[in-house]
Amino acid sequence: MNKLFKSVLSQSLFISLFTIASANQSQAQNITIPIETAHNAMVLQADESKNLKSIFLGKKLADAHEYDFIKSVYKQTEDYSGLLNSAYTPSGSKNLVEPAISVIHTDGNLSLDLRYVSHQQTRLNDNVSLLTVLLKDPVYNFEVTLYYKSYYKEDVIEQWSVIKHHEKGNVTLQKFASANLYLKAKSYWLKQFHGDWAKEMQPEESQLTHGIKTLDTKLGTRANLFMPSVFMISLDKPAGEDEGNVLYGALEWSGNFKIDFEVDFQDNLRIIAGINNYASAYQLKPNEEFATPAFLYTFSDQGKGEASRKLQSWARNYKLLDGKGNRLTLLNNWEATYFDFNEQKLSGLLKQTKNLGVDLFLLDDGWFGNNHPRNDDHAGLGDWQENRKKLPNGISSLVKDASANGVKFGIWIEPEMVNPKSDLYSKHPDWVVKQPGREEHYFRNQLVLDLSNPKVQDFVYNIVDSLFIKAPELAYIKWDCNAVIYNAYSAHLKNNQSQFYVEYVRGLYKVLERIRAKYPVVPMMLCSGGGGRVDYGALKYFTEFWPSDNTDPLERIFIQWDYSYFYPAIASSNHVTDWGKQPIKFRTDVAMMGKLGFDIVVSELKENDLKFCQDAVKGYDGLKQVIWQGDQYRLVNPHEQNMAALMYVDAAKSTAVMFNYLVNYRYGESSKAPIRLKGLDPKKKYKLEEINLYPGTQSTLKKDVVFSGDFLMNIGFNPEVNTSRTSVIVKIKEV
């Protein structure tokens, strides 16, 4: 070996040893904080300068110590600021991209620098853990605490922030996000949803390009009318139902939201989600805390189906009110009577409710107002006294009448709203959201009450409380919200108008907290002219939501399909109505995919139609626990094919229900090929039986044939859907 070679070898060895030593020293200076669930990990790291960064989000590693090596294997362009992957990006210092937080200090300075101080991990129970990370500005007495609540089995994380300062005067919060995520992939595909009244949850998917894509709303109330705050991000390619890497996200907030997706100059994706800072600069007093709403997310490396099952399970177990409990089937009077009813008509409907076989009768809009009777939607909102002409004996009499007929009684309210034609508007114009000196603009002939005002909060709470005081056996509340906020202004907030949008939602939650403290188990439907307010911030107070006023069953297949990515079946109120041209069987079968209800004129049903509905209710009672609590598997996507198919499977994999629908009635359309089932046990044997048959018809499916789970999941089963059998429900039972 010559001297030159020995010299080169010696230098190479020295450089290698130096590199390893430097890497180890750098790792020693870093503080790595993994948040691990059953399959996933979110990993934070405070670097040598105490900048807290997000270094990983995805399928977890077997050895947690190897998260420290992630940074070294990426050879991207220089991060000039060192903050591209900040866990909570501040503005005004050296940040070059969209911030998560932006402030104006007491002295007028707009800069913020947040450095890691400490963290604490607490195990709340066998499945839930909470990580808190304290960040402080080294110059200003300003701090942010980041919270990460992880649900191990469900692979769900809820994230929020609490902002606080100890400066001598007020600090203005100009932006205050809940979460700041960071993802690395070759490409990013956003699946988002949009809509309008009767057109909720319309899906769109597109590849994100460099720059910022924003999902937001500025409606104040009914905030999800045009765009809900739920989304999916697929990594590298659009995820399928059963394959691909996908992140689901949703903000738990019932007001204005903003979600920014920024593909930065290093080709990485930054997601910043929280309350919309539009017209919402917030004056934070010294020592006062500002808590942002939770942003939730889950990751799956096995496609959209697994991600939705994780989220549905989490919702039933932890978020949805009484998510593991029971639900009431009901008959609503709206399409039978609209505003035109009296005690005699309602008494007849109560008897029909019993005859139909459902649990509850729901009295909808039009039961209140005297000086301004609620005979249409132009008057009466705000005057919540029973209309003496329609209901001379009051609500309590109807509740007793319902009980005598063997059913429960529920009622519709819209307590956040007011008609200009009302006693309330005349007596308390300062309670109404409207600009002084400007023309009033109405949405559905109504205005919004100012829930930032504690007096209005008391009024709204007392609407509900007084109903239960008059009629303690009242069994159900349908809470509606039909207007958005025009000309936002609060007489109560005076010089703090920019805080109105935030304080409105906080006021709403305060009311709901009080209601639930006194009436913790009464079922309540979250309605907002359809799906205008569907989010987990509100659903912790409600047992169910109303997906859409569009109850055409063909349309509902699509609407319910897309809601199911984020919400469990037990939360979805689905009613059989006269919308659409489909037969009663098709309409009922579609409604059975969630929480079943009816809004039809029972007395006008043909004999066989009535018998079918009665039998369907009985059959539903035997299967509802599988539908409500089972794992959902989407089998055939109606957006992609001429039919829809999905199924629910119980935890033991012993019972399942399969729903099949034809969504295109062109000549010869049918289920030509078998449909592969999912979620069964391949080693078990199953018997398949068609249920919900219309009286006088017989199934074309063979009886008493037994299939293995292996056959059903690899070869499949043909439900024989066609233009003469447009809806087929199959019960799958282990033998």
Side-chain angles (χ1 to χ4, degrees), residues 30-36 41-47 49-55 57 83 85-93 95 99-106 111-124 128-151 156-167 170-182 249 251-253 257 270-275 277 280-297 499 502 505-506 509 537:
N30 293 332
I31 300 171
T32 303
I33 312 170
I35 307 165
E36 292 190 321
M42 150 71 94
V43 184
L44 306 174
Q45 190 177 76
D47 64 17
S49 299
K50 302 300 182 183
N51 290 307
L52 185 70
K53 299 182 177 183
S54 175
I55 64 168
L57 175 56
L83 293 176
N85 62 336
S86 173
Y88 198 70
T89 313
S91 68
S93 55
N95 173 47
I101 182 170
S102 178
V103 306
I104 304 175
H105 294 284
T106 301
S111 68
L112 185 63
D113 187 7
L114 294 174
R115 303 296 178 99
Y116 167 86
V117 176
S118 62
H119 74 277
Q120 181 178 357
Q121 288 178 309
T122 306
R123 191 168 183 178
L124 303 180
V128 185
S129 297
L130 180 66
L131 168 70
T132 60
V133 186
L134 177 61
L135 309 175
K136 285 188 177 182
D137 189 308
V139 175
Y140 286 87
N141 203 342
F142 187 98
E143 64 187 55
V144 176
T145 304
L146 303 181
Y147 290 81
Y148 300 83
K149 192 174 186 180
S150 57
Y151 301 82
V156 168
I157 296 176
E158 288 183 291
Q159 183 178 341
W160 68 94
S161 59
V162 174
I163 305 166
K164 188 177 181 180
H165 75 92
H166 308 281
E167 299 182 27
N170 292 348
V171 168
T172 302
L173 305 182
Q174 294 188 298
K175 189 172 184 180
F176 29 87
S178 298
N180 187 168
L181 306 186
Y182 189 73
L251 187 67
E252 299 177 35
W253 182 248
F257 65 84
R270 308 172 69 252
I271 303 175
I272 300 175
I275 296 173
N277 57 328
S280 295
Y282 199 95
Q283 298 295 314
L284 191 65
K285 300 174 184 176
N287 302 312
E288 181 185 5
E289 290 187 347
F290 184 96
T292 68
F295 173 72
L296 70 92
Y297 47 97
Q499 299 182 187
V502 173
V505 181
R506 286 179 170 177
Y509 290 164

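- A donor-acceptor pair under 3.5 Å is formed between the side chain of Arg115 and the backbone N or O of Ser49.
- Judged by distance alone, with hydrogens and angles left aside, the side-chain atoms of Ser150 form no donor-acceptor pair with the main-chain N or O of Ile157 at under 3.5 Å.
- Between the Glu167 side chain and the Thr106 main chain, a donor and an acceptor come within less than 3.5 Å of each other.
- Nearest heavy-atom pair, His119 versus Ile31, reported as atom, atom and distance to 0.1 Å: CE1-CG2, 4.1 Å.
- At distances below 3.5 Å, not a single donor-acceptor pair connects side-chain atoms of Tyr116 with backbone N or O atoms of Val133.
- With rounding to the nearest 0.5 Å, the separation of CG in Asn30 from CG in Leu44 is 12.5 Å.
- Scanning all heavy atoms of the two residues, the minimum distance from Ala100 to Ile272 falls at CA-CG2, 4.0 Å.
- A side-chain donor-acceptor contact under 3.5 Å links His165 to the backbone of Lys285.
- Lys53 pairs by the salt bridge (Lys or Arg N to Asp or Glu O under 4.0 Å) definition with Asp47, not counting sequence neighbours.
- Between the side chains of Tyr147 and Glu158, no donor N or O sits under 3.5 Å from an acceptor N or O.
- The main-chain N or O of Gln174 is found under 3.5 Å from a side-chain atom of Asn277 such that the two form a donor-acceptor pair.
- Of all heavy-atom pairs between Pro34 and Gln121, the closest is O-NE2, 3.2 Å.
- A distance of 10.5 Å separates CG in Leu134 from CG in Leu52, rounded to the nearest 0.5 Å.
- Shortest non-hydrogen contact noted between Thr292 and Phe176 is CG2-O, 3.5 Å.
- Contact detail for Ser111 and Val103: the closest heavy-atom pair is O-CG2, 4.5 Å.
- Using a distance-only test at 3.5 Å, with no hydrogens or angles considered, no donor-acceptor pair links the side chain of Lys136 to the main chain of Val117.
- A donor-acceptor contact shorter than 3.5 Å is absent between the side chain of Asn170 and the backbone of Gln283.
- Ring pair Tyr509/Trp253 is perpendicular by interplanar angle, where above 60° counts as perpendicular and below 30° as parallel.
- A side-chain donor-acceptor contact under 3.5 Å links Ser178 to the backbone of Pro293.
- Closest of all the heavy-atom pairs between Gln499 and Ala281 is CG-O, 3.8 Å.
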